[in-house]
Participant: 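Take this structure, written in structure tokens, and hold onto it; I'll ask about it next.
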Amino acid sequence: MDLQGMALLERLLQIIFTIATAISFVVGLATASFVNSMWVFVGGVAAATIICVPDWPFFNRSPLQFLPPLGDDEKLFDPLTLFGEASSAPSSRAASVARR
């Protein structure tokens, strides 16, 4: 799922939950039953789950382009040896700060 697909997913969830809440409220008010209201809302949550949880193709309309894989010479790069041998002794600046 790409970034635009995630934004679409978030918007779909908001719309589905808003509609489910409104319908649930109306059904609960009309039947004077909290249980009926909750069952309608659970149906809305189930519909949202079926629509939004699988990675449907319309969520992948603009895929990200990743960097190409590293070559053999790039895999051996060690940033610790970039400026010469890494030593465990503190630098003279760190030693002078430590003495103060």
Participant: Roughly how far, to the nearest 0.5 Å, is CG of L13 from OG1 of T18?
Facilitator: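 The OG1 atom of T18 sits 10.0 Å away from the CG atom of L13.
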
Participant: What are the two closest non-hydrogen atoms of G44 and A20, and how far apart are they?
Facilitator: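 Looking at all heavy atoms of both residues, the shortest contact is CA-CB, 3.8 Å.
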
Participant: Return the OG to CG distance between S62 and D2, rounded to the nearest 0.5 Å.
Facilitator: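 Those atoms lie 4.0 Å apart.
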
Participant: Would a hydrophobic clustering, with Ile, Leu, Val, Met, Phe, Trp and Tyr connected at side-chain separations under 4.5 Å, put L3 with L12?
Facilitator: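 Result: yes, single cluster for both.
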
Participant: To the nearest 0.5 Å, what is the distance between CD1 (I16) and CD1 (I51)?
Facilitator: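 If I round to the nearest 0.5 Å, the distance is 4.0 Å.
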
Participant: So, do Q4 and L8 sit near enough that their side-chain heavy atoms are less than 4.5 Å apart?
Facilitator: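 Q4 vs L8: side chains apart.
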
Participant: Show me the donor-acceptor pairs, under 3.5 Å and distance only, between side chains in residues 25-32 and residues at least two apart or in other chains.
Facilitator:
residue, atom, partner, partner atom, Å
T31, OG1, V27, O, 2.8
T31, OG1, N36, ND2, 3.4

Participant: What is the minimum heavy-atom distance between F41 and F17, and which atoms define it?
Facilitator: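 Of all heavy-atom pairs spanning F41 and F17, the closest is CE1-O, 4.3 Å.
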
Participant: Indicate yes or no: at least one non-hydrogen side-chain atom of E10 is less than 4.5 angstrom from one of Q14.
Facilitator: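 Touching, per the 4.5 Å side-chain cut-off.
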
